[in-house]
Amino acid sequence: AHMGAVVVPAMREVFQAHDPERFADFSCATCHGSGAASGDFHMPSDDLPELEASVQRLGLSDRVSFLGWRDDLPRLMATADVLLLPSRWEGMPYAVLEAMAAGLPVVATRVDGARDLVEEGVTGRLVEVGDVDGIASALGAVLALAPEERRAMGARGAARVAERFTVEHMVAGTREVFREAIEERA
């Protein structure tokens, strides 16, 4: 079984202090998961004493790293096998865009933004919000892929970002919206 490196951004938003049981369920399902579901988790977040305490209590300190505030996410992503974003809600998750641009496959919950970016089974996996077992299963499936298959999934994600989500593409889309609005008012 592959012991993958998994980057998990924005943990404060994902597991609020009032929801420690969900973090415990998630941690047990993924870090103690059997076979390919196992991974080492790197969390570039800061000020997470509740989560750090949960990790220690669950005996996962050797598998979960709280990295604090980072300004070198591209370097961190270059060392990872997958990006995991188990959010309850998102607008446009820039972490997913950055991971895909860096050639990482993405496992994310099916929230606004993520479902527009991640193409199921092609550039990553999408899971229903709150489905801890589904998250662990999807993560395990991506980590179980042969390295060249993960790289191919990541390359498809990078191509998708380059094709649809560049600054030029976004500016052109915004211009088109303004053009249509002006025509409607005329």
Side-chain angles (χ1 to χ4, degrees), residues 1-16 19-45 48 50-51 54-55 57-67 76-77 79-90 93-100 102-158 160-161:
H2 178 73
M3 293 287 290
V6 182
V7 175
V8 190
M11 289 307 293
R12 174 183 303 289
E13 290 77 18
V14 176
F15 302 107
Q16 294 291 339
D19 199 3
E21 290 175 18
R22 182 162 183 254
F23 179 73
D25 290 345
F26 170 79
S27 298
C28 289
T30 54
C31 291
H32 286 313
S34 60
S38 299
D40 291 327
F41 293 80
H42 305 293
M43 302 180 187
S45 303
L48 300 171
E50 304 88 5
L51 297 183
S54 292
V55 164
R57 190 173 53 257
L58 293 167
L60 301 174
S61 296
D62 62 329
R63 305 290 302 284
V64 178
S65 303
F66 291 93
L67 305 178
L76 181 63
M77 286 188 191
T79 67
D81 293 297
V82 62
L83 176 96
L84 173 64
L85 190 75
S87 298
R88 295 178 189 175
W89 63 270
E90 287 286 340
Y94 289 110
V96 171
L97 278 171
E98 291 170 346
M100 290 174 69
L104 281 181
V106 174
V107 174
T109 46
R110 198 179 307 277
V111 294
D112 289 343
R115 68 174 163 249
D116 299 320
L117 297 170
V118 178
E119 190 174 353
E120 174 60 36
V122 177
T123 63
R125 299 289 306 272
L126 292 168
V127 181
E128 295 305 318
V129 173
D131 181 0
V132 173
D133 291 333
I135 291 169
S137 176
L139 183 60
V142 171
L143 290 174
L145 294 172
E148 57 274 4
E149 292 177 274
R150 266 195 319 280
R151 283 192 294 275
M153 185 176 270
R156 290 189 298 267
R160 184 174 172 86
V161 168

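Sequence positions, counted from 1, serve as the residue numbers for this chain. The basis for the numbers below is simple: all heavy atoms, side chains too, and nothing from hydrogens, waters or symmetry mates.
The shortest heavy-atom contact between Leu83 and Ala95 is CD2-O, 3.8 Å. In terms of heavy atoms, Arg160 sits closest to Leu117 at NE-O, 2.7 Å. Among all heavy-atom pairs drawn from Pro86 and Ile135, the shortest one is CB-CD1, 3.7 Å. The minimum heavy-atom distance between Thr109 and Ala114, with the atom names listed, is O-CB, 3.5 Å. Across all their heavy atoms, Met153 and Val142 have their closest contact at SD-CG2, 4.5 Å. For Arg125 against Ala138, the heavy-atom pair with the smallest separation is CB-CB, 3.8 Å.
Glu149 meets the side chain to side chain donor-acceptor pair (under 3.5 Å) test with no other residue; sequence neighbours excluded.
No donor-acceptor pair under 3.5 Å is formed between the side chain of Thr123 and the backbone N or O of Arg156. A donor-acceptor pair under 3.5 Å links the side-chain atoms of Arg150 to the main chain of Leu143, judged by distance alone. The main-chain N or O of Asp133 is never found under 3.5 Å from a side-chain atom of Ser137 such that the two would form a donor-acceptor pair.
None of Asp131, Val129, Val127, Leu126 except one satisfies the side-chain contact (heavy atoms from CB on, under 4.5 Å) rule with Arg110; the exception is Leu126.
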